[in-house]
Amino acid sequence: MSAGPADPRWSDWQPLAGYPAVTAEVLAETVDGGQAFRWHAQPDGTWFGQWSEIVATLRLGADGRVAWRCPAGSETRTAAALATYFGTDADFPALTDALPWRTDAHLARCLRDFPGLRILRQPFGETLLGFLCSATKQIVQIKQMQELLAARHGAPVPGTGGAFRRLPTWPELAACTEAELRACQLGFRARYIWETAQFVAARPDWLRETETLPYPEAKDRLLGLPGVGEKVADCVLLFGAGRLEAFPVDVWILKTLGRRYALDGWKPPQLAQFGRAHFGPLAGLAQQFLFAWERRHG
DNA sequence: AGTAGACCTGGTAT
DNA sequence: GATACCAGGTCTA
């Protein structure tokens with residue numbers, strides 16, 4: 001049930017405006033490095049991805065520029081969605097330059113090794129779903145869960161002849177049984193997702209409000225959901241709401257701060273505090289570079 | 001307050 | 001071919 005682009009008519013390739021030239025490694029790290037879970041590398045080297053009701057394929061040119069195409073007829077809304085998703089209105093060079101790399105040699109090395117890496121701006125609800133699935137799972141398996149959820153419980157993407165399915169919305173998830181969710185390889189996460197779905201579906205504005213609240217309040221609200229702890233809440237806010245101050249402490253960050261910052265033995269809460277103090281209000285952006293570097297070289 | 005175990009299960013290592 | 005062990009956390013005793 002791999003969601004492939006094996007279908008209909010596609011638009012012409014168009015340049016991804018406002019996006020820097022990147023290497024294949026940086027593009028892969030951006031779309032398939034743990035921020036998002038619905039990008040699939042194709043045999044021809046392109047990336048096929050979906051979010052919300054958007055379907056797109058990405059291609060990296062020899063010059064490092066990214067081009068995209070989408071099912072014919074959806075060019076206009078896809079162009080707008082891509083701009084939001086890849087944050088082309090944000091000045092990532094300036095944001096990255098504002099990180100304390102001048103006084104942090106390791107951070108400087110991470111920035112140098114992944115030029116152009118950035119934080120995605122994904123749909124909030126889908127980001128929550130993705131990271132509720134992520135507990136003690138590897139990216140490959142999380143992606144598999146998302147595809148099963150979309151195939152079995154998601155609606156067809158309009159205007160594509162039924163070839164693609166979106167992820168189920170939270171009301172749609174609330175209409176599923178826990179057993180149906182469990183059958184999507186969710187394991188013990190099924191109960192968290194089902195209970196979260198009941199809660200969210202009963203409060204139509206809750207997610208939208210949470211997305212726009214200041215970081216501390218938004219995080220408090222997310223932490224009230226079953227299956228959402230510190231790490232998941234920060235991932236949702238960082239990758240699904242553009243809150244660059246969110247600093248998720250996962251095993252890789254645990255590892256990298258222990259090894260490269262001599263903080264071996266520190267507990268996640270202490271490391272989170274260190275991250276905020278050391279990296280500042282854009283700690284989440286710094287985290288992404290540290291994370292990528294440690295996964296690649298650590 | 002802080003710390004082990006349990007929680008599902010597909011994949012990978014012995 | 002079986003069996004053991006682990007995986008980008010969270011919750012609870």
Side-chain angles (χ1 to χ4, degrees), chain A residues 1-2 28-40 110 114 117 119-120 122 126-149 151-152 173 176-200 219-240 243 246-261 263-273 275 283-298:
Chain A
M1 73 305 293
S2 78
E29 189 63 31
T30 305
V31 299
D32 197 27
Q35 298 192 55
F37 304 111
R38 288 200 83 189
W39 286 97
H40 300 269
C110 297
F114 292 89
L117 182 63
I119 303 292
L120 299 175
Q122 304 176 76
E126 292 188 354
T127 312
L128 174 60
L129 177 59
F131 283 95
L132 271 171
C133 293
S134 74
T136 62
K137 280 295 172 191
Q138 303 187 115
I139 295 172
V140 198
Q141 297 167 305
I142 303 168
K143 287 167 70 171
Q144 180 66 8
M145 296 176 192
Q146 307 302 290
E147 293 316 319
L148 280 171
L149 284 168
R152 296 183 184 176
L173 287 165
C176 294
T177 65
E178 187 185 326
E180 287 176 318
L181 296 180
R182 205 165 267 264
C184 294
Q185 303 184 353
L186 298 185
F188 61 78
R189 302 154 198 83
R191 183 170 60 84
Y192 296 151
I193 290 167
W194 190 83
E195 289 177 354
T196 290
Q198 304 310 308
F199 180 92
V200 170
K219 187 167 175 181
D220 275 347
R221 282 172 63 137
L222 287 173
L223 287 173
L225 296 172
V228 177
E230 290 284 332
K231 190 267 181 186
V232 168
D234 275 330
C235 284
V236 174
L237 290 169
L238 181 58
F239 307 132
R243 315 319 281 271
F247 187 78
V249 178
D250 58 30
V251 297
W252 290 101
I253 293 303
L254 200 65
K255 205 175 292 185
T256 210
L257 292 181
R259 288 177 181 173
R260 322 293 166 198
Y261 292 80
L263 303 178
D264 208 30
W266 286 40
K267 301 289 187 294
Q270 301 176 286
L271 293 174
Q273 192 174 342
L285 181 59
Q287 175 268 171
Q288 204 56 29
F289 285 93
L290 297 175
F291 177 91
W293 194 94
E294 199 64 32
R295 267 192 356 134
R296 179 80 164 73
H297 300 109

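Order of the sequence lines fixes the chain letters, A, B, ..., with proteins taken first and strands second; residue numbering starts at 1 for each chain.
Atom P of dA6(B) sits at a distance of 16 Å from the matching atom of dA4(C), rounded to the whole Å. With P as the reference atom, dC8(B) and dA13(C) are 15 Å apart, rounded to whole Å. Here the separation of dG5(B) from dC5(C), taken at their C1' atoms, is 16 Å to the nearest Å.
Per the geometry, NZ belonging to Lys137(A) stands 12 Å off P belonging to dT12(B), to the nearest Å. dG9(C) atom P lies 16 Å from atom NZ of Lys267(A), rounded to whole Å. Note: CG (Leu223(A)) to C1' (dT10(C)) measures 11 Å, nearest angstrom. In this structure, Lys143(A) atom NZ and dG10(B) atom P are separated by 19 Å, rounded to whole Å. Counting to the nearest Å, the P atom of dG11(B) and the CD atom of Gln144(A) are 8 Å from each other. Taking atom CD of residue Gln270(A) and atom C1' of nucleotide dA1(B), one finds them 13 Å apart after rounding to whole Å. One can place NZ of Lys219(A) at 14 Å from C1' of dT10(C), the figure rounded to the nearest angstrom. Going from atom CD of Glu180(A) over to atom P of dC8(B) covers 18 Å, rounded to whole Å.
Within 6.0 Å of atom CD in Glu178(A), more than 12 heavy atoms from other residues, nucleotides or ligands are found, so the atom counts as buried in its surroundings. Within a 6.0 Å radius of CH2 in Trp39(A), other residues, nucleotides and ligands contribute more than 12 heavy atoms.
Within 4.0 Å (heavy atoms only), Val140(A) reaches no atom of the nucleic acid at all. Gly227(A) comes within contact range of the sugar-phosphate backbone alone, with a heavy-atom separation under 4.0 Å but no base atom that close. Among the atoms of the strands shown, none is found under 4.0 Å from any heavy atom of Leu132(A).
Between Ile142(A) and Arg191(A), the residue whose closest nucleotide on DNA chain C is further toward the 5' end is Ile142(A). Two residues, Gln287(A) and Pro226(A), neighbour DNA chain C, and the one matched to the more 5' nucleotide by heavy-atom proximity is Gln287(A).
Taking every side-chain heavy atom of Val251(A) into account, dG9(C) is the closest of dG11(B), dG9(C), dC8(B). Of the candidate nucleotides dG11(B), dT3(B), dT10(C), dT10(C) has the atom nearest to the side chain of Tyr192(A). The nucleotide whose nearest atom lies closest to any side-chain atom of Gln138(A) is, among dC8(B), dG9(C), dA7(C), dA7(C).
Residues Leu120(A) and Ala36(A) come closest through the heavy atom pair CD1-CB, 4.0 Å.
Across all strands shown, dA6(B) is found opposite dT10(C) as a Watson-Crick or G-U wobble partner, with both distances under 3.5 Å.
Note on ring orientation: taking the six-membered ring where Trp is involved, the planes of Trp293(A) and His297(A) are tilted (angle from 30° to 60°).
Put simply, the side chain of Lys231(A) and the base of dT10(C) share no donor and acceptor less than 3.5 Å apart.
The side-chain heavy atoms of Ile193(A) and Cys133(A), taken from C-beta on, include a pair separated by under 4.5 Å. Residues Leu132(A) and Arg189(A) are not in side-chain contact: their nearest non-hydrogen atoms beyond the backbone lie 4.5 Å or more apart.
Dashed line: the shortest gap from a side-chain N or O of Arg189(A) to OP1 or OP2 of dC7(B) is not under 4.0 Å.
Residue-nucleotide stacking is present for Phe188(A) and dC7(B), judged by a side-chain ring centre under 5.5 Å from the six-membered base ring centre and planes under 30° apart.
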